[in-house]
Amino acid sequence: VPGKPDKFWVNQATKSYYEVLLQKGVEIYEYTNIFVHSKVLIIDDKIASVGSVNFDPRSFNINFEATVLIENNSVKDLVKDFSGDLQKSKRIELAKWRKRSLINKIFQGFANLFTPLL
């Protein structure tokens with residue numbers, strides 16, 4: 001997840017889902033170096049998807065975003081790059097997340113109400 005967001009309310013809406021994801025065992029990392037919009041999915045270090053598309057109607061039908069599927073030796077490079085990116089990221093821990101400020105909880109809860117519109 002971008003540690004430096006481009007849109008405040010979208011970032012708050014995203015964070016409104018952290019707790020339930022962390023409770024389910026999902027590891028969340030915030031990339032602290034720069035803003036990153038691309039999405040990378042790596043499956044078993046053999047197949048990868050790279051692009052800007054979100055899996056929502058807006059990305060598919062309005063924004064005309066795209067992604068590419070890769071199944072070749074380039075996936076190894078993505079795995080290596082991803083490992084480096086994790087070193088530049090901050091892992092979000094559930095216990096610490098629950099201690100965030102009340103104002104952050106309010107902003108995130110409010111933004112969550114508008115998630116379908118963002």
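None of these values were measured; they are calculated from a predicted model. Start at 1 with the first residue, then count along the sequence.
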Q.
Return the CZ to CG distance between Phe82 and Asp77, rounded to the nearest 0.5 Å.
A. 15.0 Å

Q) Counting only N and O atoms by type, is there a donor-acceptor contact under 3.5 Å from the side chain of Lys39 to the main-chain atoms of His37? A) yes

Q: With Tyr18 as reference, evaluate Arg100, Glu30, Gln108 under the side chain to side chain donor-acceptor pair (under 3.5 Å) test and give the passing residue.
A: Glu30

Q: Please answer whether the main-chain N or O of Arg98 pairs with a side-chain N or O of Lys105 as donor and acceptor at a distance below 3.5 Å.
A: yes

Q) Nearest heavy-atom pair of Ala111 and Ala13: which atoms, and what distance? A) CB-N, 3.5 Å

(Q) If hydrophobic clusters are built from ILVMFWY residues whose side chains come within less than 4.5 Å, do Leu113 and Trp9 share one? (A) yes

Q) Can you find a heavy atom in the side chain of Asn11 that is under 4.5 Å from one in the side chain of Lys15? A) yes

Q: Is it possible for you to say whether Tyr17 and Ile28 belong to one hydrophobic cluster, with membership spreading through side-chain heavy-atom contacts below 4.5 Å?
A: yes

**Q.** CD-CG distance between Glu27 and Leu22, expressed to the nearest 0.5 angstrom
**A.** 9.5 Å

Q. Side chain of Thr32, backbone of Lys88: donor and acceptor closer than 3.5 Å?
A. yes

Q) Going from OG on Ser16 to CZ on Phe114, what distance comes out if it is rounded to the nearest 0.5 angstrom? A) 12.0 Å

Q: Of all the heavy-atom pairs spanning Gly51 and Thr67, show the shortest one and how long it is.
A: N-OG1, 3.5 Å

Q: Return the minimal non-hydrogen interatomic distance between Gln12 and Asn104, and the atom names on each side.
A: OE1-O, 4.0 Å

Q: Could you pull out the closest heavy-atom pair between Gly3 and Pro5, with the gap in Å?
A: O-CD, 3.4 Å

Q. How many angstroms lie between CG in Leu78 and CD1 in Ile47, if you round to the nearest 0.5 Å?
A. 13.0 Å

Q. Under 3.5 Å, is there a donor-acceptor pair between the side chain of Asp44 and the main chain of Lys46?
A. no

Q: Examine Val50 and Val36 and state if one hydrophobic cluster contains both, with Ile, Leu, Val, Met, Phe, Trp and Tyr joined whenever side-chain heavy atoms are less than 4.5 Å apart.
A: no

(Q) In the structure I gave you, are the side-chain heavy atoms of Glu19 and Gln23 within less than 4.5 Å of one another anywhere? (A) yes

Q) Any sub-3.5 Å donor-acceptor pair from Ser52's side-chain atoms to Ser38's backbone N or O? A) no

(Q) Is the distance between the ring centroids of Phe35 and Tyr31 under 6.0 Å? (A) no

